[in-house]
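Notes follow the structure.
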Amino acid sequence: MDDESVPFLLDQGTTKTYQIPISHLDYKFIEKCTDVKHLEKILRVLRSGEEGCYPELTFVCEKRIEHLDPKSRALRTDKPAATASDFTAEEWETINDELMSWLTEMNEDDKKSQFLRTDTPSENQDNLPPIRCSSSCLPANQNRTLQNKQRNKKNIPRDYSEWEKFDVEKECSKIDESCEESNSKSRFFNRPSLPIIKNTIDTTGMTKREKIFVATREKEKGNEAFAIGDYMEAVTYYTRSISVIPTAAAYNNKAQAEIKLQDWDSALQDCEKVLDMEPGNIKALLRRATVHSQLQNYQTAIEDLNKVLGVEPENPIAKKNLLEIEEKLKSLKPVSEIQGKGKRILIQEIEDSECDEERGENTEECERSGGDKRTAVPVAAEAAAGEPAMGNAHRKFRSKGGGGKAEGREKQKQKEPTESGLKKDTPEKKPGKHLSDHEGEVNGYLHSDQKSESSESGSSRWYTAGSQWASGASPTSLPAIAAKLKTEGNELFKSGQFGEAVLKYSEAIEYVTGLGERSPDDLSILYSNRAACYLKEGNCSDCIQDCNRALELQPFSLKPLLRRAMANESMERYRQAYIDYKTVLQIDSSIQAANDSANRITKTLIDQDGPSWREKLPPIPVVPVAAQLHRWDGGNFTSENKPGSTIDINREEQLEMNCEEAMEKFKRLKNEGNDFVKMGEYDEAINKYSECMKLNAEECTVYTNRALCYLKLYKYEEAKQDCDHVLQIEDSNIKAFYRRALAYKGLQNYQASVDDFNKVLLIDPNVLEAQKELEEVTQLLHLDSSAGAGSPQKQRKKVTVQEVTGHDEQEERQFATSDEVVTDHVTSKEAVQKNVPLKSSEKLRVCEPSNAYDFGQIINAVNANKDKAACADLLTITDPKKLPVLLSNKLEGEILLIFIQSLERYVAGKDPGLVYQHLFYLSKAERFKVVLALLSKNEKEEVQQLFDLLSENQSDQYSLEDLESLKK
Amino acid sequence: MSAAPALERPQVVSHAQQALSYTVFDCKWVPRSARLLCLGSAARGTGLVQLYELRGARLELLREIEKPKPIKCGTFGATSLQQRYLATGDFDGNLNIWNLEAPEIPVYSVKGHKEIINSIDGVGGLGIGEGAPEIVTGSRDGTVKVWDPRQKDTPVANMEPVQGESKRDCWTVAFGNAYNQEERVVCAGYDNGDIKLFDLKSMSLRWETNIKNGVCSVEFDRKDINMNKLVATSLEGKFHVFDMRTQHPTKGFASVSEKAQKSTIWQVRHLPQNRDIFMTSGGSGSLHLWKYEYPAQRSKKDSEGAEMGVAGSVSLLQNVTLSTQPISSLDWSPDKKGLCVCGAFDQTVRVLIVTKLNKI
């Protein structure tokens, strides 16, 4: 074979072993040859010395081979073991030193374990698995015809201790995975089940040394899995290692693996654990920076990277990441400003979760301003006034919660904005107030607000006021220096520089405490604010400390409680967090965030402690009634007594606080009212709203809400009065108009109703419901006038159930300015369902359905009540030709039956032609054949009856033959 | 292979060596110590266990225990770190477990096989491998038996040839896949080149193959993980690395083979601290240090959509020749990375240091 591959051949013969031409054993040839195999053969010939000894040539050949293929086997030579001469003196020393130190370590360890051995001679065998089922026999040479009788014997059921450690999630994911794989491998009978590796290791009876050994081993396993990209497995092994001995290295590695898995939350936690253990750990800082940057907490990421660069100024990774993040930050800022409108929706979501109607109203209005200029006119100005606060809020959201990658993150995201949402309370409420208290400004707090907008303390007010109303009513007087520090702190907080904000607050606290215990309130606020910073920084333990201090100074103040709860929750101290949330809820049950969190924690605790979790809870402190009432009453009192205050900062703050309190009570009562509305208990709701009115007679929303309740209760007159009242205060309240229109409609004052609907449409032409209602009422008006006094009694009763509730639901979506807060469609639908039986005595009103959905809705209602008259009405006004389209694929036996029955009883007598038309088109409907086949005997008889009836009342519109063919 | 990068590669240093007066078949580090055991056969046909301690650059004999039958193999794999009982297999087919503090009477003894126990392995001890402590023995009588030290006299599992079929000499056994309390496999290699993988959970033969030459040694890269890799060495100097993660319905496990030398590869041992590095000991008195490199994708779909493994590659990190006689046994220290002991038929036991294993 070699002979052919060689281009030239001299007569000098070939080598003995490989038949290589002698001429190939030549410098020139070897230099040119690129065939490694051939060269290897040449080398072997040369090395063997059978053609003579050419050390130089051999060396050249080796070089050539190495050049072509450094890993060639021919180059492997037998080598003696390395000796001291192969190393530098230093290396040699290190090698020996390492070994010697290990030896001494081992010897010491040995001595210790001699003692130990006497202590623990008896193995605790309890935690060992049972002995494998004995004498299992497996034929080894079975050549794939495996028949093992004892096979099933081996499947030892899990014992109890194993079930306890059973990881359901993992198990499930295994099943999922195996399902996926089984698609391709279903025929592979003995596929191994996927690994179920326990996350913890039983370390009972282990000595410290053993634990270290096991922990190190698990970590190594994790490293190996990580090295080949099996990050899930790596995380498992790191977790196991941590379960034996928690080490910074294992946490650090786990964080890295979690970053690879994009499990940012866990990675963050692990980084923080490392930093708890080793505050200056460069790797952990770098990793945390990565996580923060992924979570879009760029500010914190930059802080971490700066810390790294502080220690290692030349760290290339940190430098690179810092640049990247800064660029991202730059590119983000303009976007967030451009996206102003989109962002508002974000706020709205948060507000919804907070259930704060005032703010909801405001933001909703803002949102609507995009689509509808007219209603937004008053709003726009206010929105502009509130803009600085909003802008700030946007940025905060972006940096805090933009990530939203993992579900868990989502929760946190909600939590954080809520937190900042609380802070923005005041500025956001202002526009809302503007809107509702458009004309009558009694308290006068708005004026002071507006003035303070320009004043220096304007920004601090947002925070202080917020804390203030929580901490109780007493005028505050911060020393000027402390106030300034606080303001600075607040500014820093707003811009996301939490670390610096902490410094400012700390200074202020020092200053104030230096003056003596003169103003516990201010101190409390300062602590509370600093706690907020700590919370943002993720420094939960300090946050809790500050909250504790704040609470010592001002027991049962809301914000520190909330913050402590959040901090406790993120530190997984669920019990404490639960207690705090519960306390918060005692003080103010309307804080949705606390409600949600309490529920969430309840779940976690149940998971953790089982059904008896409550027993493990420390007692929940009972909030003195005074603490609750104090807030309402104090708020009431001051808000009434101090209108038109001065521009003095303290006063201003207090005023705001008073308004807040008044609002709080409002909110609570309204909430209760809303809840009643949701439950369909309109009487109670009316009571609550009436109470609200006593508190503040200027609040339009309460009136409009009460009007809604009256409408639901068919007390049209009262509803009308409420609407009138609202319209006196605010002559463009779209909801009031709408509801008054409905009330007029109920009162059969169709003309007035039409007028009001027109006004609604004038304000906002996009209100579909109003358009629809208008059409209807116009129709009614027309009927009324044409039919005269035909059947007024009957008409009067035709107030829809289905329609009203349906409209309300949609109306809520559109207006959402009201306090019903029926954001949850499900609940409102439930309410609808509850309403239906309540008013089933009422006759269904029908109008011509425009699309399949409407039709379906009506049919369902009709079907539920078996209201054949209504069905007949429906069929009368529906164009038979549209029937198949309207029914689409919803035709069912029941519906067909009710059609037939209503046609038979009500329509057939009057207009047999229409009946025929209906039947004709009915047979064209999609599922007609199927449904027909499924009809029972009785039902078929009914159909037959109808046909009989029809054939009796023949007319020229259809022939008997047609009828026969239809009967088929 | 120029000199400069050679220094960056791991170097094998012969740190200490001890001439013995008997044939050494196996040597083992005592866990959590600087002591090692040499097991073998004395000239007069008795078995010997010698306990040495590494003191500086020399081995000091601490204890010598003589037993009636030559001892072929031993393991600490099924004992706790506190007890450190040694399980041995001898020429007569006896499995004994010794307390080295009181070696007169075995703590466990069973006549497990009719003929010599060629190979022994343990799992569930030393913090390695979940589940019960178990010992597996492979014998010339063709059977592979699994023992639980808590159960006297009878094995907990017995893998034997079907009646009437010729029995093959089982040369090597190894545990693997012991990542939880249920899963466990035993791999056995036979003189005819058969490799069989027994699943102890389902008590079934999970896989078998033939590498054409007698299988001298098999070892999983780690016993206590979802089985990852298996190395099998053969009589004619080749070894095979199987990727054990993906089993194809018909093709089994993907593998890569490498020829280390012309002579038999007696042993393969994975570095306890890094599963992708392993050392083979050869018939020509040489040691080869290898590294397995994973492919970019460890599995792919075949034409029918079934998952099949993709083998990686093996690269030689270092090779040394220590003796003219075969190196029959090899053991890495579980406690000190890079420290290993090997016993050769030149009646010498050597303690080696492999450097720069961290930098791979």
Side-chain angles (χ1 to χ4, degrees), chain A residues 66 70-71 73 75-76 78-83 86-87 95 99-100 102-103 106-107 109-110 113 116-117 120 123 128-129 131-142 146 148 150-151 154 162 181 184-185 187-188 190-192 195-198 207 209-210 213-214 217 220-221 224 228, chain B residues 1 11-14 32-34 54 56 80-82 127 131-132 134 144 146 148 150-151 154 156-162 165 179-181 196 198-206 222 225-226 247 249 259 273-276 286 294 301 305-307 315-316 319-322 336 352-353 355:
Chain A
E66 195 192 327
K71 288 186 174 174
R73 274 178 212 162
L75 289 174
R76 287 177 198 165
D78 289 349
K79 278 181 281 190
T83 56
D86 291 325
F87 298 93
I95 292 166
L99 187 72
M100 292 318 287
W102 177 73
L103 287 177
M106 280 295 140
N107 281 332
D109 197 39
D110 254 3
S113 59
L116 282 172
R117 206 162 299 152
T120 53
E123 278 267 284
L128 284 178
I131 297 172
R132 200 174 290 280
C133 185
S134 60
S135 68
S136 301
C137 195
L138 178 67
N141 302 359
Q142 62 228 133
L146 181 72
N148 189 4
Q150 263 132 348
R151 197 174 157 162
K154 187 39 206 83
E162 273 174 73
E181 271 173 61
S184 57
K185 290 198 169 183
R187 65 209 166 87
F188 189 36
N190 61 351
R191 221 205 97 64
I196 307 149
I197 306 166
K198 272 194 265 167
T207 61
R209 281 260 164 227
E210 281 174 87
F213 176 81
V214 172
R217 188 173 169 87
E220 274 164 4
K221 275 151 73 171
E224 289 164 355
I228 60 161
Chain B
M1 287 193 188
Q11 297 290 319
V12 182
V13 181
S14 177
R32 299 291 323 142
S33 77
L54 184 63
S80 76
L81 275 172
Q82 284 152 14
E134 282 178 336
V144 174
V146 179
D148 190 314
R150 295 171 296 174
Q151 176 174 298
T154 49
V156 292
N158 183 4
M159 279 75 79
E160 57 188 359
V162 182
E165 259 189 65
Y179 61 87
N180 67 18
Q181 300 215 328
K196 290 174 195 288
F198 306 104
D199 191 329
L200 293 183
K201 186 188 179 193
S202 61
M203 282 310 278
S204 59
L205 178 71
R206 176 144 165 205
R222 275 187 190 278
I225 57 170
N226 181 18
Q247 185 174 7
K259 190 168 173 98
Q273 293 85 5
N274 185 345
R275 67 180 182 190
D276 299 324
S286 60
Y294 293 93
K301 298 260 193 247
E307 199 90 1
S315 61
L316 181 71
N319 64 313
V320 291
T321 305
L322 297 170
K336 174 84 183 127
L352 310 169
I353 298 171
T355 64

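In what follows, chains carry the letters A, B, and so on, assigned in the order in which the sequence lines appear, proteins first and then strands, with residues in each chain numbered from 1.
- A distance of 6.5 Å separates CD1 in I95(A) from CD1 in I353(B), rounded to the nearest 0.5 Å.
- Under the side chain to side chain donor-acceptor pair (under 3.5 Å) criterion, T355(B) pairs with no residue at all, not counting sequence neighbours.
- Proximity to chain A involves both the backbone and the side chain of V13(B), based on heavy atoms less than 4.5 angstrom apart.
- In this structure F213(A) satisfies the ring-ring contact (aromatic ring centres under 6.0 Å, His included) test with no other residue, sequence neighbours excluded.
- Note: K221(A) NZ to R275(B) CZ = 10.0 Å, rounded to the nearest 0.5 Å.
- Within the 4.5 angstrom heavy-atom criterion, atoms from both the backbone and the side chain of I225(B) approach chain A.
- Contacts of D148(B) with chain A are made by side-chain atoms alone, with heavy-atom separations under 4.5 Å and no backbone atom involved.
- The shortest non-hydrogen separation linking E224(A) to Q273(B) is OE2-O, 3.7 Å.
- Among all heavy-atom pairs drawn from L103(A) and G56(B), the shortest one is CD1-N, 3.6 Å.
- Per-residue heavy-atom pair counts under 4.5 Å with chain A were compared for N274(B), V146(B), L322(B), and the maximum is reached by N274(B).
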